[in-house]
2 protein chains.
Amino acid sequence: MTSNTAGGPTRRERMRAETIAEIKASARSQLQEHGPSGISLRAIAREVGVTPAALYRYFDSLDALLIAICCDLYDELIADTVAAMDAYPKDAHLERMKSWIWAFRAWAVGNRREFELMISYPEGNTAMSIDGTRLAQSPENVDPVTLKSLEHSQLCGREMAAFYRKTESGEVEANGPIQLPEISDALQAELLDKCSAFIVGELLPLEWVFTFTSAWVRVFGLVVMEAFGSLPVQDNVDEFYKTQILAMMKDFGIEG
Amino acid sequence: MTSNTAGGPTRRERMRAETIAEIKASARSQLQEHGPSGISLRAIAREVGVTPAALYRYFDSLDALLIAICCDLYDELIADTVAAMDAYPKDAHLERMKSWIWAFRAWAVGNRREFELMISYPEGNTAMSIDGTRLAQSPENVDPVTLKSLEHSQLCGREMAAFYRKTESGEVEANGPIQLPEISDALQAELLDKCSAFIVGELLPLEWVFTFTSAWVRVFGLVVMEAFGSLPVQDNVDEFYKTQILAMMKDFGIEG
DNA sequence: ATCATTTAGCTAACGCCGTTTACTCTAATG
DNA sequence: CATTAGAGTAAACGGCGTTAGCTAAATGAT
């Protein structure tokens with residue numbers, strides 16, 4: 001048994017958890033200082049005051065450590081995002097969606113190195129991915145980082161779904177999303193399956209899903225470009241974001 | 001002197017150029033197989049049939065080699081893009097701009113590893129950057145990769161400028177870009193300076209610059225997401241791109 | 001043709017790195 | 001109290017980027 005009769009964590013378990021935290025903290029500081037490729041087990045061992053080999057009692061490999069850190073980072077991002085959204089009441093869907101974007105941006109820019117690690121994720125660049133197909137086929141056999149990424153997306157997707165329901169019930173009046181271009185059956189199915197079902201959490205009309213997906217790509221582009229220093233605008237980024245958000249809102253048929 | 005009387009390259013120069021090409025080719029194949037971090041000087045030396053130390057006669061460091069490769073990759077991308085654009089007549093600006101996007105996408109997806117290297121560029125992630133400020137202050141003191149990136153952007157930017165001129169002269173009729181949101185003087189100045197002056201090559205009305213910049217971010221988002229496997233749509237990407245291009249065209253006041 | 005110089009390459013080493021193996025001690029378990 | 005599982009160590013293996021010093025060949029000038 002790994003826990004005592006009181007049900008609480010064993011002394012050893014506490015120690016272990018503390019050591020793991022120490023290791024992660026050291027790795028994190030190296031990440032911030034030297035980037036993803038600058039994380040070194042030996043350097044961590046030195047800082048923690050232990051032999052390099054000892055780290056293998058806690059992580060199977062450097063890659064495993066990086067993945068664990070990725071998960072933590074997503075948890076951080078998600079926590080920040082939830083907190084930012086909860087600054088507004090539960091029915092202020094628009095403000096909450098805006099908050100989602102701002103929180104995403106703020107976190108990525110405030111943690112550039114970390115964000116870099118997340119998108120150039122150890123396991124073949126599948127981070128920030130929302131591959132509904134793989135998820136549908138084996139819901140639990142998918143890597144944890146992808147799941148966290150999905151969780152993050154859903155914070156925004158479900159908010160939009162709630163907003164849609166309000167417009168549908170007439171509780172909120174809106175013109176609805178922009179007119180759709182012609183879309184083949186195949187693409188329609190894919191949008192409904194992958195985006196609607198998995199990100200949004202429920203099936204929505206195609207126009208909503210399409211507009212949401214388009215907006216999602218725009219936001220991702222903004223955040224990645226800013227974090228990687230490729231954004232054309234650099235001194236007035238806040239305002240530029242606001243103009244982009246405005247444009248996306250317009251696509252949803254919302255003014256302001 | 002480094003060249004003979006005939007003016008052509010010396011025998012040694014030819015040999016040297018050939019060796020450099022061999023080194024780059026080996027590095028490239030390693031890049032394709034193991035990703036950016038899988039490029040190893042020692043492995044290259046093994047493949048080229050030479051001692052690791054010998055490589056330092058050709059490149060100051062691994063980083064220098066990576067930068068050189070980045071430059072080559074940009075040249076490749078630019079050449080592909082130019083070829084794709086030139087499949088249409090010089091005055092078919094719209095088709096040429098679309099070609100630019102398609103070429104960008106095709107190259108990034110067809111050379112994922114290479115693209116990865118370019119955006120997580122050795123020197124502190126400044127790739128794909130179009131920082132007009134730095135350029136304006138010291139036009140020639142900027143790293144070569146950034147210059148190439150700018151060159152690539154300009155292929156599209158100048159095309160749009162040409163299109164703008166045609167609409168201005170009445171040679172082509174168009175409604176012009178979407179209505180602008182309110183934009184502060186500071187952001188206006190930045191858009192005009194960095195985007196208009198450097199990417200487009202001439203000063204354009206704010207509405208054109210703004211619309212172009214917004215579109216640029218969207219395209220970048222699409223390409224990065226697809227190359228990194230994060231695009232929500234995965235089976236009907238071509239069509240999804242087309243819908244996005246259509247939307248951007250609409251922003252310019254163009255139908256179809 | 002000879003000499004001086006540049007250049008390409010080598011060997012050997014330094015100090016990093018991730019990872020494995022075998023061994024020791026210590027603390028919790030039964 | 002004996003046993004055992006866990007945390008830790010020392011030492012090694014093979015790999016890495018990089019440097020220093022040497023050798024030999026190709027080049028350019030005399």
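The chains referred to below are lettered A, B, ... by the order of the sequence lines, with proteins before strands, and numbering in each begins at 1. All values below come from the heavy atoms of this structure, side chains included, with hydrogens, waters and symmetry mates left out.
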Inset, instruction - Would you mind reading off the distance between A/Ile44 atom CD1 and C/dG18 atom C1', rounded to a whole angstrom? - result: 11 Å

Inset, instruction - Indicate yes or no: does A/Glu13 engage A/Arg16 in a salt bridge with an N to O separation below 4.0 Å. - result: no

Legend entry - Side-chain ion pair, B/Arg105 and B/Asp238, N-O less than 4.0 Å: yes

Inset, instruction - For the pair B/Phe104 and B/Phe220, name the ring-plane relationship: parallel under 30°, tilted 30 to 60°, perpendicular over 60°. - result: tilted

Inset, instruction - Determine the contact category for B/Ala54: base if any of its heavy atoms lies under 4.0 Å from a base atom, sugar-phosphate if only primed atoms, P, OP1 or OP2 are that close, otherwise nothing. - result: sugar-phosphate

Legend entry - Lys/Arg-Asp/Glu bridge criterion (N-O < 4.0 Å) met for A/Arg28, A/Asp72: no

Inset, instruction - Rounded off to whole Å, could you give me the NE2-to-P distance for the A/His34 and C/dC16 pair? - result: 13 Å

Inset, instruction - May I ask you to say what A/Tyr58 touches in the nucleic acid, namely base, sugar-phosphate or nothing, with a heavy-atom cut-off under 4.0 Å? - result: sugar-phosphate

Legend entry - Length of the line joining A/Phe59:CZ and D/dG8:P, which is rounded to integer Å: 13 Å

Inset, instruction - State whether B/Arg11 places a side-chain N or O below 4.0 Å from either non-bridging phosphate oxygen (OP1 or OP2) of D/dA26. - result: no

Inset, instruction - Starting at atom CZ of A/Arg14, determine the distance to atom C1' of D/dG6, rounded to an integer number of angstrom. - result: 16 Å

Legend entry - Atom pair distance, as rounded to whole Å: CD1 in A/Ile23 and C1' in C/dG18: 15 Å

Inset, instruction - Show your working on side chain to side chain donor-acceptor pair (under 3.5 Å) between B/Gln32 and B/Glu114 and close with a plain yes or no. - result: CA-CA 7 Å; B/Gln32 285 164 341; B/Glu114 288 87 341; 2.8 Å; yes

Polar atom pairs between nucleotides 17-22 of chain D and protein, under 3.5 Å, N or O only, would you list them?
| unit_1 | atom_1 | unit_2 | atom_2 | d |
| --- | --- | --- | --- | --- |
| D/dG17 | OP1 | B/Leu41 | N | 2.7 |
| D/dG17 | OP2 | B/Leu41 | N | 3.1 |
| D/dG17 | OP2 | B/Arg42 | N | 2.9 |
| D/dG17 | N7 | B/Arg42 | NH1 | 2.4 |
| D/dG17 | O6 | B/Arg42 | NH1 | 2.7 |
| D/dT18 | OP2 | B/Tyr56 | OH | 2.7 |
| D/dT18 | OP2 | B/Leu62 | N | 2.8 |
| D/dT18 | O5' | B/Tyr56 | OH | 2.9 |

Legend entry - Distance in angstrom units between B/Leu55 CG and D/dC16 C1', rounded: 13 Å

Inset, instruction - With sequence neighbours excluded, tell me which residues meet side chain to side chain contact (heavy atoms under 4.5 Å, CB included) with A/Glu22. - result: A/Val48

Inset, instruction - Look at the side-chain N and O atoms of A/Arg16 and state whether any lies under 4.0 Å from the OP1 or OP2 oxygen of D/dG8. - result: no

